[in-house]
J.: 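Before we start, here is the structure in question, set down as structure tokens.
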There are 2 protein chains.
Amino acid sequence: MFDEIFKNTGKTKSFSKGAILQSAGQKLSKAYYVKKGLLKSYIIDEKGKEHIFMFASEGWIVSDIESQAFKNETVFFIEAIENSQVVIVEVGEFSQSEKNQKEFNLILEALAKRIGVMQRRILSLMSASAKERYEYFLQTYPELPNRVPQKMIASYLGITPEALSTIRNKITKRH
Amino acid sequence: MFDEIFKNTGKTKSFSKGAILQSAGQKLSKAYYVKKGLLKSYIIDEKGKEHIFMFASEGWIVSDIESQAFKNETVFFIEAIENSQVVIVEVGEFSQSEKNQKEFNLILEALAKRIGVMQRRILSLMSASAKERYEYFLQTYPELPNRVPQKMIASYLGITPEALSTIRNKITKRH
DNA sequence: TTTATTTATTAATCTAGATTAATAAATAAA
DNA sequence: TTTATTTATTAATCTAGATTAATAAATAAA
């Protein structure tokens, strides 16, 4: 992970639950390393509906890598869903400093990892049912259901809270 | 893009339509730079159904970046859907050679671009209807419908060929 | 060419998940 | 506490897209 690079960059800020760290439409988006707490990044579609793109708990990084690289406006909102301590990293530092071989490989590895996560998500959205996606989510993030309201999990899975409730009911009933 | 890095690495190979360049389960996957022709990368799910992950025409690169970085078995098949000329790049060269600042930035930019494409795909799978995804596909890849059978476009969109046929019918009818 | 195979279209039926609505449970605010 | 707000559950109804099947059109093979 980016851990080694980001952990000690200073600039730790605290955010209360509900605080918005970044809004869609802003330029010059930053990278957020979560020391403590939990963030979500999400979009709001034309119908005003929220779609959670990712959760970030301790040790994770959230950022709109594409908008950083190309200096576009970001499409993502980022919000603290627990009281959180976050290291904010300017993108400039990231791309301009002299990189040694080791840092280069760390960054490549982190990007490759993220690409892998997204590939699996795309494939499962194309090929798996909501129930299968939920079960896969539970395996991948076993601790999140205790920290996150169900409607956010539904939003992450791309389904309605009602549908998730029904799925959970079915899973428990045929124990 | 990776163009500058890959274009002149030699080792151009020709593949006839229908040739399989890579199969799921193989280790040490390579990167494929398309000089001429058209490739598709896809998975086959447990039910034996094919899901196209991406198309790659002239100037594109296909590769399982995650499996390269972590030396896993790849999940992707890669197949030529036109007669194609492809530059095959060993992953080794890519990560081990000494990188200068310029190359470093090119690679970062290419990865960021790919991440952006995947982000948009995830968000549209979560929030858009099949019709909207098809219209977005037409905007993004206006030339592909002339080169690719419809059932492959359906597979890329995550729907059945029958559903795509119906959508196309609806779009033309209310001109 | 002729024949076989693959692809696209259309229609009927089905189903996973959306929508709407009402109620209960949990959480936050006063 | 009490009250207001948010979240989760359940049920009824609806709909986008899947499934099945039959037919036509296009492409590949003999």
Side-chain angles (χ1 to χ4, degrees), chain A residues 16-19 38 40 42 44-52 55 79-83 122-138 144-174, chain B residues 16-20 38 40 42 44-52 55 79-83 123-138 144-174:
Chain A
S16 318
K17 185 173 176 171
L38 187 57
K40 64 171 178 180
Y42 59 101
I44 296 187
D45 70 19
E46 332 75 56
K47 290 164 210 145
K49 200 174 172 190
E50 176 181 317
H51 302 274
I52 294 184
F55 296 106
E79 180 179 330
I81 52 182
E82 295 177 357
N83 295 329
I122 290 169
L123 294 172
S124 82
L125 283 165
M126 288 202 295
S127 68
S129 68
K131 178 154 158 284
E132 290 166 327
R133 298 207 300 279
Y134 177 58
E135 283 166 341
Y136 181 69
F137 172 84
L138 290 180
L144 271 192
N146 307 315
R147 299 172 69 177
V148 157
Q150 248 170 242
K151 59 166 209 165
M152 286 190 192
I153 297 177
S155 169
Y156 175 88
L157 296 172
I159 58 177
T160 58
E162 293 87 347
L164 178 55
S165 177
T166 310
I167 286 166
R168 282 165 49 83
N169 185 308
K170 263 179 206 149
I171 289 174
T172 35
K173 255 177 190 156
R174 52 102 226 177
Chain B
S16 318
K17 185 173 178 172
I20 308 277
L38 187 57
K40 65 172 178 181
Y42 60 100
I44 296 188
D45 70 18
E46 333 75 54
K47 291 164 207 142
K49 199 173 171 190
E50 176 180 316
H51 302 273
I52 293 183
F55 295 105
E79 181 180 328
I81 52 183
E82 294 177 358
N83 295 330
L123 295 172
S124 83
L125 282 166
M126 287 201 297
S127 67
S129 68
K131 177 154 158 285
E132 290 165 328
R133 298 206 302 280
Y134 177 59
E135 282 164 344
Y136 181 70
F137 170 84
L138 290 181
L144 271 193
N146 308 316
R147 298 172 68 176
V148 158
Q150 247 170 243
K151 61 166 208 163
M152 285 190 192
I153 297 176
S155 167
Y156 175 89
L157 296 172
I159 59 176
T160 57
E162 294 86 347
L164 179 55
S165 178
T166 309
I167 287 165
R168 282 165 49 84
N169 185 308
K170 262 181 207 146
I171 289 173
T172 35
K173 256 178 191 155
R174 53 99 230 183

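Lettering of chains follows the sequences in order, A, B, ..., and the numbering in each one begins at 1.
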J.: For B:Ile81 and B:Met152, work out which heavy atoms get closest and say how close.
T.: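 Heavy atoms of B:Ile81 and B:Met152 come nearest at CG2-CE, 3.6 Å.
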J.: Drop me the distance from B:Glu82's CD to B:Ser16's OG, to the nearest 0.5 angstrom.
T.: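 Nearest 0.5 Å value for the CD-OG distance: 12.5 Å.
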J.: On the nucleotide D:dT9, are OP1 or OP2 found under 4.0 Å from the side-chain N or O atoms that A:Asn169 carries?
T.: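 For D:dT9, neither OP1 nor OP2 has a side-chain N or O of A:Asn169 closer than 4.0 Å.
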J.: Where do A:Ala130 and A:Ile159 come nearest, in terms of heavy atoms and distance?
T.: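 Between these two residues, the closest heavy atoms are CB-CG2, 3.7 Å.
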J.: Does A:Ala128 offer a backbone N or O that forms a donor-acceptor pair with the side chain of A:Arg133 under 3.5 Å?
T.: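 Side chain of A:Arg133 to backbone of A:Ala128: a pair is present.
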J.: Calculate the interatomic distance between A:Arg168 atom CZ and C:dG17 atom P; express it in whole Å.
T.: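 Spelled out: CZ on A:Arg168 to P on C:dG17 is 16 Å.
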J.: I want to check one thing: is the phosphate of D:dG17, taken as OP1 and OP2, less than 4.0 Å away from some side-chain N or O of B:Lys131?
T.: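 Looking at the OP1 and OP2 atoms of D:dG17, neither is under 4.0 Å from any side-chain N or O of B:Lys131.
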J.: Could you check how far CD1 of B:Ile81 sits from C1' of C:dT6, rounded to whole Å?
T.: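 Rounding to the nearest Å, CD1 of B:Ile81 and C1' of C:dT6 are 15 Å apart.
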J.: According to a 3.5 Å limit on both distances, what stems of 3 or more consecutive Watson-Crick or G-U pairs are formed with DNA chain C?
T.: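 As far as DNA chain C goes, consecutive pairing (with distances under 3.5 Å) yields the stems C:1-30 with D:1-30.
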J.: Just wondering, do B:Ile153 and B:Leu144 contact through their side chains at under 4.5 Å, heavy atoms?
T.: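 No, too far: nothing below the 4.5 Å cut-off.
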J.: Using a strict heavy-atom distance below 4.0 Å, which residues from residues 145-155 of chain A are in contact with DNA chain D?
T.: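 Heavy-atom contacts with DNA chain D come from A:Pro149, A:Gln150, A:Lys151.
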J.: Using OP1 and OP2 only, check whether a side-chain N or O of A:Lys17 sits under 4.0 Å from C:dA28.
T.: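 True: A:Lys17 side-chain N/O within range (under 4.0 Å) of C:dA28 OP1/OP2.
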J.: Determine whether B:Lys40 and B:Phe55 make a side-chain contact, defined as any pair of heavy atoms from C-beta on separated by less than 4.5 Å.
T.: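 Yes - at least one pair of side-chain heavy atoms lies under 4.5 Å apart.
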J.: Between atom CD1 in A:Ile167 and atom P in C:dT15, what is the gap in whole Å?
T.: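 Checked: the CD1 to P distance equals 17 Å.
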J.: Quick one, A:Arg168 and A:Tyr134 - any side-chain contact, counting heavy atoms below 4.5 Å?
T.: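 Touching, per the 4.5 Å side-chain cut-off.
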J.: Quick one: closest heavy-atom pair of B:Asp45 and A:Ser127, and the distance?
T.: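 Taking B:Asp45 first and A:Ser127 second, the nearest heavy atoms are OD2-CB, 4.0 Å.
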J.: Quick one: pull up CD in B:Glu135 and CD1 in B:Ile167 and give me the separation to the nearest 0.5 Å.
T.: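 Between B:Glu135 CD and B:Ile167 CD1, I get 9.0 Å after rounding to 0.5 Å.
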J.: Look at the side chain of B:Thr160 and the backbone N and O of B:Ala163, then say whether any donor-acceptor pair between them is shorter than 3.5 Å.
T.: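 Yes; judged by distance alone, with no hydrogens or angles, the pair exists.
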J.: Return the minimal non-hydrogen interatomic distance between A:Leu125 and B:Met126, and the atom names on each side.
T.: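 Scanning both residues completely, I find the closest heavy atoms to be CD1-CG, 3.9 Å.
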J.: Please report, rounded to the nearest Å, how far the P atom of D:dA16 is from the OH atom of B:Tyr134.
T.: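 About 19 Å, once rounded to whole Å.
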J.: Please produce a list of atom pairs where a protein N or O lies less than 3.5 Å from an N or O of nucleotides 18-22 of chain C.
T.:
unit_1 : atom_1 : unit_2   : atom_2 : d
C:dA18 : OP2    : A:Thr160 : N      : 3.1
C:dA18 : OP2    : A:Thr160 : OG1    : 3.0

J.: What's the CZ-P distance between B:Arg133 and D:dA16, to the nearest Å?
T.: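 Those two atoms, CZ and P, are 13 Å apart.
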J.: Once you round it to whole Å, what is the distance between P of D:dG17 and CG of A:Leu125?
T.: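 One finds 14 Å between P of D:dG17 and CG of A:Leu125, rounded.
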